[in-house]
Amino acid sequence: MNIRKWIVAARLRTLPLSLSAVLAGCFLGFGAIKDHQSIAGSLPLFLLIVITAILLQILSNFANDYGDAKSGVDAENRVGPKRGILRGEMTMTEMKKGIIAVTCLCLFFGSLSLIMAFGLDYLKILSFTILGALSIVAAITYTVGLVYGYKGLGDISVFIFFGLVSVMGSCFMISGDISTESIILGCAAGFMATLVLNVNNLRDYESDRVNGKKSLVVMMGLTGGKIYHGILLLGAICSMAAVLMYHFNQGWWTMLMLSMLPISVFSVFCINPVNTGAVLDPLLKKTSLSAAFVNILSGTFMALF
């Protein structure tokens with residue numbers, strides 16, 4: 001088996017952003033415990049949560065590759081990097097098998113994490129099992145089956161699963177509590193994740209419009225998409241300001257708000273009307289890494305102070 005093509009298809013460069021929100025939630029949970037022995041005992045659970053989060057992102061990437069190729073959205077006129085099926089590195093059948101395999105791994109490691117987190121508390125296990133099942137369904141049906149990602153619903157899904165669920169869910173699994181901070185930080189992470197998605201949609205506006213993918217940017221038009229980008233940035237800044245004012249003293253507030261500067265600069269570049277198409281391609285990685293940095297930094301400080 002050609003391992004390299006699967007590694008490429010997994011698109012490991014997408015992991016920092018999705019994983020950072022989960023890490024932020026876990027760190028917030030560790031900070032709530034404030035007991036070194038309990039924290040040490042939670043490290044195996046932390047590892048299982050991280051593995052499950054990585055697998056869910058890979059599942060989403062595999063499903064997007066398969067769905068975009070099947071629908072014709074991933075065509076030769078695509079502005080971004082060409083994916084495995086389009087390049088001819090793997091067949092549709094191979095990718096379908098990959099989706100099934102990663103789904104099984106998600107179920108396995110997710111189940112282990114729930115048992116370790118909640119023991120015999122069947123109500124909590126049932127609640128998180130449903131949440132986990134929804135996460136898997138959302139990852140697959142973004143471009144396969146329901147294809148809600150082609151109907152302007154991708155943004156709300158990203159906000160919920162890469163923001164609220166990632167932060168609040170991981171925090172609750174570690175600490176057994178959903179704090180006000182986890183809700184606000186989940187909103188901040190959600191806005192930033194949606195901001196990254198919108199960079200992708202702004203970049204692919206022309207090809208998506210031609211190929212029938214109705215992202216919100218296609219629905220609103222390029223000008224509307226750029227205004228929407230500004231609104232998302234404002235939401236991220238306001239959410240981060242709220243959580244920092246709630247948790248930190250004046251000194252930490254100033255320093256952590258400065259961590260929002262890179263993503264703000266990159267967003268202003270994307271909003272500029274003259275910047276369209278392939279020019280935005282480098283901004284996707286920069287915006288994603290900047291958002292991941294903010295998530296991890298804020299989560300770390302919440303755990304320590």
Side-chain angles (χ1 to χ4, degrees), residues 11 14 17-18 57 60-61 63-83 86 134-135 137-165 186-239 263-264 266-288 291:
R11 285 189 279 161
T14 63
L17 178 60
S18 59
Q57 180 61 61
S60 177
N61 292 339
N64 287 349
D65 194 337
Y66 178 86
D68 285 350
K70 185 177 180 180
S71 66
V73 168
D74 196 4
E76 290 296 336
N77 63 347
R78 176 182 169 85
V79 177
K82 302 296 187 295
R83 296 171 183 169
L86 183 62
L134 288 174
S135 298
V137 170
I140 295 175
T141 60
Y142 187 89
T143 57
V144 179
L146 294 176
V147 292
Y148 66 87
Y150 299 168
K151 302 172 184 177
L153 299 176
D155 297 60
I156 186 64
S157 176
V158 165
F159 182 86
I160 292 172
F161 290 102
F162 288 89
L164 295 175
V165 171
C187 288
F191 277 120
M192 288 188 289
T194 311
L195 199 67
V196 173
L197 174 64
N198 202 59
V199 175
N200 181 83
N201 291 339
L202 286 170
R203 181 198 67 186
D204 295 344
Y205 169 72
E206 286 296 339
S207 61
D208 285 349
R209 183 177 60 83
V210 172
N211 296 330
K213 180 179 178 180
K214 294 183 179 180
S215 65
L216 277 185
V217 175
V218 171
M219 291 180 174
M220 294 184 293
L222 197 55
T223 300
K226 287 181 176 289
I227 294 173
Y228 172 60
H229 202 75
I231 294 172
L232 290 174
L233 175 62
L234 182 61
I237 292 174
C238 290
S239 297
I263 195 171
S264 300
F266 299 143
S267 295
V268 170
F269 182 91
C270 292
I271 294 170
N272 190 325
V274 303
N275 297 324
T276 60
V279 175
L280 299 179
D281 192 47
L283 273 296
L284 189 58
K285 178 180 180 181
K286 293 177 181 179
T287 305
S288 178

Between [X] and [Y], which heavy-atom pair has the shortest distance, and what is it?
X      : Y      : result
Val196 : Ser288 : CG2-CA, 3.7 Å
Asn64  : Ala139 : OD1-O, 4.5 Å
Val165 : Ser135 : CG1-OG, 4.5 Å
Leu153 : Ile156 : O-CG2, 3.1 Å
Phe159 : Gly190 : CD1-C, 3.4 Å
Gln57  : Phe162 : OE1-CE2, 3.0 Å

Next on the checklist: Under the rule for ring-ring contact (aromatic ring centres under 6.0 Å, His included), what residues qualify as partners of Phe269, not counting sequence neighbours?
Outcome noted: none
Item to check | Partners passing ring-ring contact (aromatic ring centres under 6.0 Å, His included) against Phe266 (at least two apart in sequence or in another chain) | outcome: none
Item to check | Which residues share a side chain to side chain donor-acceptor pair (under 3.5 Å) with Thr194, sequence neighbours left out | outcome: none
Checklist entry - With sequence neighbours left out, what residues match Ser157 under side chain to side chain donor-acceptor pair (under 3.5 Å)? => result Tyr148
Please check this pair: side chain of [X] against backbone of [Y], looking for a donor-acceptor N/O pair closer than 3.5 Å.
X      : Y      : answer
Thr287 : Leu284 : no
Ser239 : Ala236 : no
Arg203 : Ala278 : no

At what distance, to the nearest 0.5 angstrom, does [atom1] of [X] lie from [atom2] of [Y]?
X      : Y      : atom1 : atom2 : result
Ile263 : Leu283 : CD1   : CG    : 11.0 Å
Asp65  : Ser60  : CG    : OG    : 11.0 Å
Tyr150 : Lys214 : OH    : NZ    : 13.5 Å
Asp204 : Arg209 : CG    : CZ    : 13.0 Å
Ser215 : Lys151 : OG    : NZ    : 14.5 Å

Next on the checklist: Using the rule given for side-chain contact (heavy atoms from CB on, under 4.5 Å), can you reason through Leu216 versus Asn201, listing the C-alpha separation, both sets of side-chain angles and the distance that settles it, and then say yes or no?
Outcome noted: CA-CA 8 Å; Leu216 277 185; Asn201 291 339; 5.7 Å; no
Name the atoms and distances for all side-chain donor-acceptor pairs under 3.5 Å in residues 217-234, with sequence neighbours left out.
unit_1: Lys226; atom_1: NZ; unit_2: Cys270; atom_2: O; d: 2.3
unit_1: Lys226; atom_1: NZ; unit_2: Asn272; atom_2: O; d: 3.1
unit_1: Lys226; atom_1: NZ; unit_2: Asn275; atom_2: O; d: 2.8
unit_1: Tyr228; atom_1: OH; unit_2: Asp155; atom_2: OD2; d: 2.8
unit_1: His229; atom_1: ND1; unit_2: Asn198; atom_2: ND2; d: 3.0

